Engineer: 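One structure coming up, written as structure tokens, with questions to follow.
In the text below, chain A, chain B and the rest are named by the order of the sequence lines, each starting its count at 1. Here the structure is a predicted model, which means the values were calculated and not measured.
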Number of protein chains: 2
Amino acid sequence: MFEIIAEPNRRAILSLLVSSQQSVGEIERQLRMPQPTVSKHLRVLREAGFVESTVDAQRRLYRLKPEPLQEVDAWLAPFRRFWSAHVDALERHLDRMDQLTQTKRKTRRRR
Amino acid sequence: MFEIIAEPNRRAILSLLVSSQQSVGEIERQLRMPQPTVSKHLRVLREAGFVESTVDAQRRLYRLKPEPLQEVDAWLAPFRRFWSAHVDALERHLDRMDQLTQTKRKTRRRR
DNA sequence: CCTTTATATACCTTGACACGTATATGCTCT
DNA sequence: AGAGCATATACGTGTCAAGGTATATAAAGG
């Protein structure tokens with residue numbers, strides 16, 4: 001999963017698809033990427049469940065599937081807790097600084 | 001950035017550090033990973049700004065830095081919008097189904 | 001000082017993967 | 001049926017990164 005989105009071209013493709021579905025040719029043109037490259041990355045993305053495709057005559061329309069990226073999001077959850085805890089700690093620290101300094105200069109930090 | 005967290009051992013190290021700072025040896029033991037491997041991954045993580053270290057006698061204590069993972073989180077933002085839009089669409093769809101069926105059977109989906 | 005402990009680095013080998021080029025598959029339209 | 005377009009796949013090549021083993025650096029303690 002993480003290996004998949006480690007590849008810059010694949011991330012570019014995913015970012016393209018977030019707005020709407022696209023054919024291979026459209027992706028190829030917008031990203032200025034040789035067609036076999038696009039097809040191969042799409043294959044990887046499809047097999048990993050990041051995208052799915054439907055047939056439209058000779059074209060294939062690719063669109064995003066949410067699940068894998070949601071798992072990435074889920075993996076990030078503990079870290080989000082970590083850094084928001086840090087912001088809290090920083091705020092408490094600043095508040096304490098505030099307590100200490102407000103006796104000297106009579107201004108107060110806004111909340 | 002994405003390349004960094006694509007490596008499973010590095011993700012394991014990051015997950016360890018989310019609870020509290022750890023020395024190289026502690027990481028080595030908890031993850032059952034040879035020491036040079038740990039050191040090399042920590043170097044990569046440090047140079048990419050995912051962790052920082054302080055010296056404690058012969059030990060080095062490594063702790064998380066939030067910024068890089070926050071950037072990953074930021075990259076995910078558009079996709080979060082994408083899939084919550086989809087949940088919304090699904091809900092609207094179910095509500096419409098509800099409208100259509102409630103005339104036949106007199107029960108109503110709970111909100 | 002010398003040994004032990006903790007961590008970092010050097011070197012080598014191996015495997016995976018991304019790319020380019022060429023070619024195959026498949027659909028459409030005349 | 002044949003030409004042309006859209007997409008997929010096959011193959012050969014180069015690069016890079018991870019792992020293992022050995023060794024270097026450095027601090028602690030007797």
Engineer: Please state how far atom CG in A:Asn9 lies from atom P in C:dC17, giving the value in whole angstrom units.
Structural biologist: 15 Å
Engineer: Taking only nitrogen or oxygen atoms into account, show me every contact under 3.5 Å that the protein makes with nucleotides 7-11 of chain C, one pair per line with its distance.
Structural biologist:
residue: C:dT7; atom: OP1; partner: B:Val24; partner atom: N; Å: 3.4
residue: C:dT7; atom: OP1; partner: B:Arg60; partner atom: N; Å: 3.4
residue: C:dT7; atom: OP2; partner: B:Gly25; partner atom: N; Å: 2.8
residue: C:dA8; atom: OP1; partner: B:Tyr62; partner atom: OH; Å: 2.6
residue: C:dA8; atom: OP2; partner: B:Ser39; partner atom: OG; Å: 2.8
residue: C:dA8; atom: N7; partner: B:Gln35; partner atom: NE2; Å: 2.6
residue: C:dA8; atom: N6; partner: B:Gln35; partner atom: OE1; Å: 3.3

Engineer: For a side chain to side chain donor-acceptor pair (under 3.5 Å) with B:Gln22, tell me which candidate from B:Arg60, B:Gln30, B:Glu28 qualifies.
Structural biologist: B:Gln30
Engineer: Applying ring-ring contact (aromatic ring centres under 6.0 Å, His included) as the test, list every pair that has at least one member in residues 51-80 of chain B; sequence neighbours left out.
Structural biologist: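 Listed by first then second residue: B:Phe2-B:Trp75, B:Trp75-B:Phe79.
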Engineer: Would you mind telling me which of D:dA18, C:dA18, C:dC27 lies closest to the side-chain atoms of B:Arg10?
Structural biologist: D:dA18
Engineer: How long is the line joining CD of A:Glu7 and P of D:dT15, in whole Å?
Structural biologist: 17 Å
Engineer: Can you measure B:Asp56 atom CG to C:dA6 atom C1' for me and round it to whole angstrom units?
Structural biologist: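 Taking CG of B:Asp56 and C1' of C:dA6, I get 11 Å after rounding.
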Engineer: Figure out the CE/C1' separation between A:Met33 and D:dT7, and round it to whole Å.
Structural biologist: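 Roughly 16 Å, once rounded to whole Å.
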Engineer: From CD1 of B:Ile13 over to P of D:dA18, roughly how many Å is that when rounded to an integer?
Structural biologist: 11 Å
Engineer: Would you mind reading off the distance between B:Leu31 atom CG and D:dA18 atom C1', rounded to a whole angstrom?
Structural biologist: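 Taking atom C1' of D:dA18 as the reference, CG of B:Leu31 is at 16 Å.
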Engineer: Listed by chain and number, what are the salt bridge (charged side-chain N to carboxylate O under 4.0 Å, His left out) partners of A:Arg43, not counting sequence neighbours?
Structural biologist: A:Glu47
Engineer: Measure from the side-chain N and O atoms of A:Arg63 to the backbone N and O of A:Ser53, and report whether any donor-acceptor pair falls under 3.5 Å.
Structural biologist: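 Not a single qualifying donor-acceptor pair exists.
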Engineer: Could you check how far CD of B:Glu3 sits from P of D:dC16, rounded to whole Å?
Structural biologist: 11 Å
